[in-house]
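One structure is given below, encoded as structure tokens.
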Amino acid sequence: MADIDKPWGGRFREATHELVEEFTESVSFDRRLALHDIRQNLAHVEALRAAGILTEAEAEKLSRGLREIEEEIREGRFVFRRELEDVHMNIEQALREKIGPLAGKLHTGRSRNDQVATDFRLYLRDETQEILSLLRTLRQALVDKAEEVFGLVLPGFTHLQHAQPVLLSHHLLAYYQMFSRDAERFREALKRLGVCPLGSAALAGTPYPLDRELTARLLGFDRPAENSLDAVSDRDFALEFLFNAALTMMHLSRLSEEIILWMSPEFGFVDLPDALCTGSSIMPQKKNPDVAELIRGKTGRVYGNLMALLTVMKGLPLAYNRDLQEDKEPVFDTADTLKRSLKLAGLMVEGLTPRAERMRAAAEEGHTTATDLADYLVLKGLPFREAHHVVGRIVAYAEEKGLKLWEIPLKELQRFSELIGEDVYQWLTVEGSVARRRTLGGTAPERVREALARAREALKEEARDLETQRS
Ligand code: ARG
């Protein structure tokens, strides 16, 4: 009886059930790893050559064949076949069709287990670099916008209630900080992505004297993985990517939520360009911030992807298990979603038009300088807790009379505390309140100017580092 027509067909006497083929294939999605698989194959050829397992001529022929396949993949001419199960066997089979039985030597000292773990790390390193660059663009957009709107005041909120006035630039730079930390996390994860599984083979290593330092170096990794069982079976690096992406999406979602709120007529703080909004099929007047809503919404699937892979990994015994094939789709979906969201968030920030008068007017609503009044009383010698109480009563009075704090005549104010003098009024303005918050990290204009300068410097430094990395 003939072997079945699969690279692993030797011990099988029955063709694979159609449903099994459909259920177990991964080429429909892992074809994304095709170019990484080629790179990895090329490095493995070098290791086989260096170990004397391939002659020079054989190594040349294999490499040439792989390069031709690479061209076909790049040009979209390569045909992936489901019956060949995954991207690895598709490429190996294509090589066989191109150069004949010599292709069969390529898989010496290697398994798809170390192969896929290597490809996936190569892929995630590339995605991480791209995400870092998109995060940089978004951070730059935030800094540019903060510069552009410098001086505009809006109410800062806690509990979504007016709290204290802040500079819009300060608010935008808060997001700059969040996305800078996200970038730091992705950069940090590159350290753990920089470890090469190749040479671990199926799980135990290989009898061939493969130079793992060489393959790691050829593929741009920092070093080979230390333990073969670990190298083929953990996916913590993918989970770390998913977590970092989830966290970044959380920040994007909060930014989106604020844009959505601020664009509502109740707030009316900002407008977005038409090009970044969509309309309603029934209500002709609508201009909706759907992009922001979808970023908020897509955050859900990114969280889901993290949970999905955590759950896949839970309880898996060492070493490789086929469950691990489920690592790819959540990661691909996450990378796509995050990259699109970052691009669009950047465009939204860039396109944001603030409505200065609306923000300014809102900053005056809700007695946002009440804390300043308490601070004034503290300066006159009253303990803060008592000052808080006095001002609380003044606010209740203002509410009752429908007055702003600075509209209350001095005589009336003095009924609440004889410490209050004519100089109180300069403590009650929105601009005064902002200007006084001069502690490091506060919203006072000079502090925000410094923060802007630091952010600009950090972005410039990153750009310089990138330049030196490239050259
Ligand atoms: N497609 C597989 C995956 O993504 C490749 C590794 C297959 N290994 C195996 N022993 N069946 O995990």
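We count ligands from 1, going down the list as the structure has it; atoms in each ligand are counted the same way. Sequence positions, counted from 1, serve as the residue numbers for this chain.
- Protein heavy atom in closest approach to atom 5 (C) of ligand 1: D86 OD2, 3.5 Å.
- Of the protein's non-hydrogen atoms, R112 NH2, 3.5 Å is the one closest to atom 11 (N) of ligand 1.
- To the nearest 0.5 Å, atom CD of residue E21 and atom CG of residue L84 are 8.5 Å apart.
- Aromatic ring pairs are classed by plane angle as parallel below 30°, tilted from 30° to 60° and perpendicular above 60°; the pair F332 and F120 is perpendicular.
- A search for side-chain hydrogen bond (donor to acceptor under 3.5 Å, both in side chains) contacts involving E350 returns nothing, not counting sequence neighbours.
- Among R112, Q115, E25, the one residue that satisfies the side chain to side chain contact (heavy atoms under 4.5 Å, CB included) test with D86 is R112.
- Here's the thing with K328: one of its N/O atoms is less than 3.5 angstrom from an N/O atom of ligand 1.
- Seen from the ring of Y175, R254 does not count as a face-on cation partner, given the 6.0 Å and 45° thresholds.
- Counting protein heavy atoms only, atom 2 (C) of ligand 1 is closest to Q325 OE1, 3.3 Å.
- Residue V116 has at least one heavy-atom neighbour below 4.0 Å for each of these atoms of ligand 1: 4 (O).
- Per-residue contacts place S26 under 4.0 angstrom from the following atoms of ligand 1 (heavy atoms of the residue considered): 1 (N).
- Ion pairing of R464 with E457 is present here, as a side-chain N (NZ or NE/NH1/NH2) and a carboxylate O approach within less than 4.0 Å.
- Residue, atom and distance of the protein heavy atom nearest to atom 8 (N) of ligand 1 are N113 OD1, 3.0 Å.
- The closest protein non-hydrogen atom to atom 3 (C) of ligand 1 is Y320 OH, 3.2 Å.
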